[in-house]
Amino acid sequence: RPWSVAARAGVTVIPVDVGPHGICHDIVLPRTTTGMTAYWLTDETAGLTQSDPAMDKVTLRQKTGGALTKFSRLLAQQSDVADSFLQREMLATVGQLLDTAILAGTGATGQPLGIKNHAGINTASGAFAWTNALVMEENAASHAADDQKIAFLTTPAVRKLLKGKTLDAGNAGEPLWKSTPEGEQIAGRRAHVASYAPTSSIIAGPWNDCILAMWGTPTLEINPYDANDYKAGIIQARIFVDCDVAVAHPAAWSVHNTVS
């Protein structure tokens with residue numbers, strides 16, 4: 001979680017066992033589109049009325065990304081700092097790769113399909129005011145969302161802009177974005193910031209509704225024997241991540257673009 005803003009926001013992470021032979025299979029999750037109905041019994045002889053949910057499915061299929069870098073043997077000799085430095089940098093890089101895919105992956109060129117590009121989400125654009133925040137909150141809460149998981153995510157530039165805005169005429173001194181001891185907030189909801197979030201956009205929804213499937217665990221691997229780098233004592237390091245992203249209920253999500 002320290003290396004992923006989306007993970008801190010509360011996405012649901014599903015670890016997938018790749019099996020003893022490294023075989024990766026799709027993950028198929030059932031999804032309710034129309035819920036069941038429950039009934040009260042009119043008397044002790046009455047029976048229940050059958051009510052079946054309408055369902056479809058969400059399929060997650062492995063996508064692979066990663067990072068490759070080189071470092072010198074002199075850095076490697078500083079074993080007290082080299083290991084932690086490499087792990088921190090590589091995990092931060094992969095964390096950003098995952099977050100950008102979760103938020104705005106295109107679904108093309110090997111990328112997962114991110115929240116912003118899912119069909120069925122709510123969109124708006126232009127000036128952002130208190131009423132827009134309330135509509136985004138309402139959209140999430142109106143679609144069977146876990147109310148406690150609703151949160152906002154945007155860029156540092158948008159946060160700066162919203163800190164300079166006030167709620168409405170009746171609350172002239174109350175900022176739209178608040179920084180409190182409990183954390184960042186919009187409309188009393190948690191708010192998160194990432195420099196690599198979609199530019200001039202705010203994403204809001206129940207973050208546990210966003211599913212991140214992870215096949216295996218990202219592992220840092222070292223290669224000191226590359227044919228070209230070996231003579232100079234240059235060492236390669238790489239990390240792979242196998243994952244996919246899905247949104248269970250797109251209508252619970254809102255994206256406000258070109259925020260001003």
Side-chain angles (χ1 to χ4, degrees), residues 1 4 6-19 23-62 102-103 107 112-124 130-153 167-168 170 178 180 182-192 202-215 243-256:
R1 291 181 183 277
S4 169
R8 289 200 299 272
V11 298
T12 298
V13 180
I14 299 178
V16 183
D17 185 1
V18 297
I23 299 175
C24 298
H25 55 87
D26 293 352
I27 301 299
V28 180
L29 302 176
R31 172 173 59 186
T32 301
T33 56
T34 303
M36 299 171 58
T37 300
Y39 300 91
W40 293 104
L41 301 184
T42 55
D43 57 52
E44 63 183 15
T45 63
L48 288 171
T49 301
Q50 181 174 331
S51 173
D52 300 319
M55 304 184 70
D56 64 3
K57 62 185 179 181
V58 177
T59 301
L60 296 104
R61 182 165 294 136
Q62 179 189 8
I102 291 169
L103 299 176
L113 183 65
I115 295 168
K116 187 176 181 181
N117 293 314
H118 264 78
I121 66 169
N122 304 282
T123 59
W130 175 243
T131 53
N132 299 108
L134 297 182
V135 168
M136 296 174 90
E137 178 186 44
E138 181 185 25
N139 286 337
S142 298
H143 290 88
D146 183 342
D147 200 69
Q148 297 301 312
K149 304 297 184 181
I150 299 171
F152 295 78
L153 193 151
L167 298 186
D168 54 41
K178 296 181 183 180
T180 72
E182 292 75 32
E184 307 291 291
Q185 292 184 354
I186 299 178
R189 301 287 183 175
R190 292 178 297 114
H192 301 272
I202 302 174
I203 299 174
W207 285 86
N208 63 326
D209 186 76
C210 179
I211 301 161
L212 173 64
M214 298 279 291
W215 283 261
C243 67
D244 198 12
V245 177
V247 171
H249 301 93
W253 291 87
S254 299
V255 177
H256 195 108

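Position 1 is the first residue of the sequence, and the numbers go up from there.
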Report yes if the side chains of Ile102 and Pro112 come closer than 4.5 Å at any heavy-atom pair, otherwise no. no
Could you tell me which non-hydrogen atom of Trp130 sits nearest to which non-hydrogen atom of Ala187, and how far apart they are? CZ3-CA, 3.4 Å
Mind listing the closest non-hydrogen atom pair of Phe152 and Arg189 along with its distance? CE1-CB, 3.8 Å
Using side-chain hydrogen bond (donor to acceptor under 3.5 Å, both in side chains) as the criterion, list what pairs up with Gln50, not counting sequence neighbours. Asp52
Under a 4.5 Å cut-off applied to non-hydrogen side-chain atoms, are Val135 and Ser254 in contact? no
Is atom NZ of Lys149 surrounded by more than 12 heavy atoms (other residues, nucleotides or ligands) closer than 6.0 Å? no
Just verifying a value: how many Å separate Asn122 CG and Met136 CE, rounded to the nearest 0.5 Å? 8.5 Å
So, taking the atom named CG in Asp146 and the one named CH2 in Trp207, what distance separates them when rounded to the nearest 0.5 Å? 14.5 Å
Trp253 versus Pro206, closest heavy-atom pair with distance: CZ2-O, 3.2 Å
For the student: nearest non-hydrogen atoms of Leu113 and His118, plus distance: O-CE1, 3.1 Å
At what distance, to the nearest 0.5 angstrom, does OG1 of Thr12 lie from CG of Asn208? 5.0 Å
Taking side-chain hydrogen bond (donor to acceptor under 3.5 Å, both in side chains) as the definition, give me every residue that meets it alongside Arg190, ordered by chain and number, with sequence neighbours left out. His192
If you define the side chain from C-beta out and look only at heavy atoms, does anything of Met36 sit under 4.5 Å from Pro53? yes
Distance-minimising heavy-atom pair for Ile150 and Glu137: CD1-O, 4.1 Å
With side chains defined as the heavy atoms from C-beta onward, is the minimum distance between Ile14 and Leu29 less than 4.5 Å? yes
Does Lys178 have any salt bridge (Lys or Arg N to Asp or Glu O under 4.0 Å) partners at least two apart in sequence or in another chain, and if so, which? Glu174
Any side-chain to backbone donor/acceptor pair from Thr123 onto Val255? Under 3.5 Å, distance only. no
Please list, chain by chain and in numerical order, all residues satisfying salt bridge (Lys or Arg N to Asp or Glu O under 4.0 Å) with Asp56, sequence neighbours excluded. Arg31
Check whether any side-chain N or O of Asn139 sits under 3.5 Å from a backbone N or O of Ala251 as a donor-acceptor pair, and report yes or no. no
Whether Thr33 side chain and Ala54 backbone form a donor-acceptor pair below 3.5 Å: yes
Does anything in residues 246-256 pair up under salt bridge (charged side-chain N to carboxylate O under 4.0 Å, His left out), and if so which pairs, sequence neighbours excluded? none
If the condition is side-chain hydrogen bond (donor to acceptor under 3.5 Å, both in side chains), which residues does Asp244 pass it with, not counting sequence neighbours? Lys63
Heavy-atom closest contact (Val28 atom, Lys57 atom, distance): CG1-CD, 3.7 Å
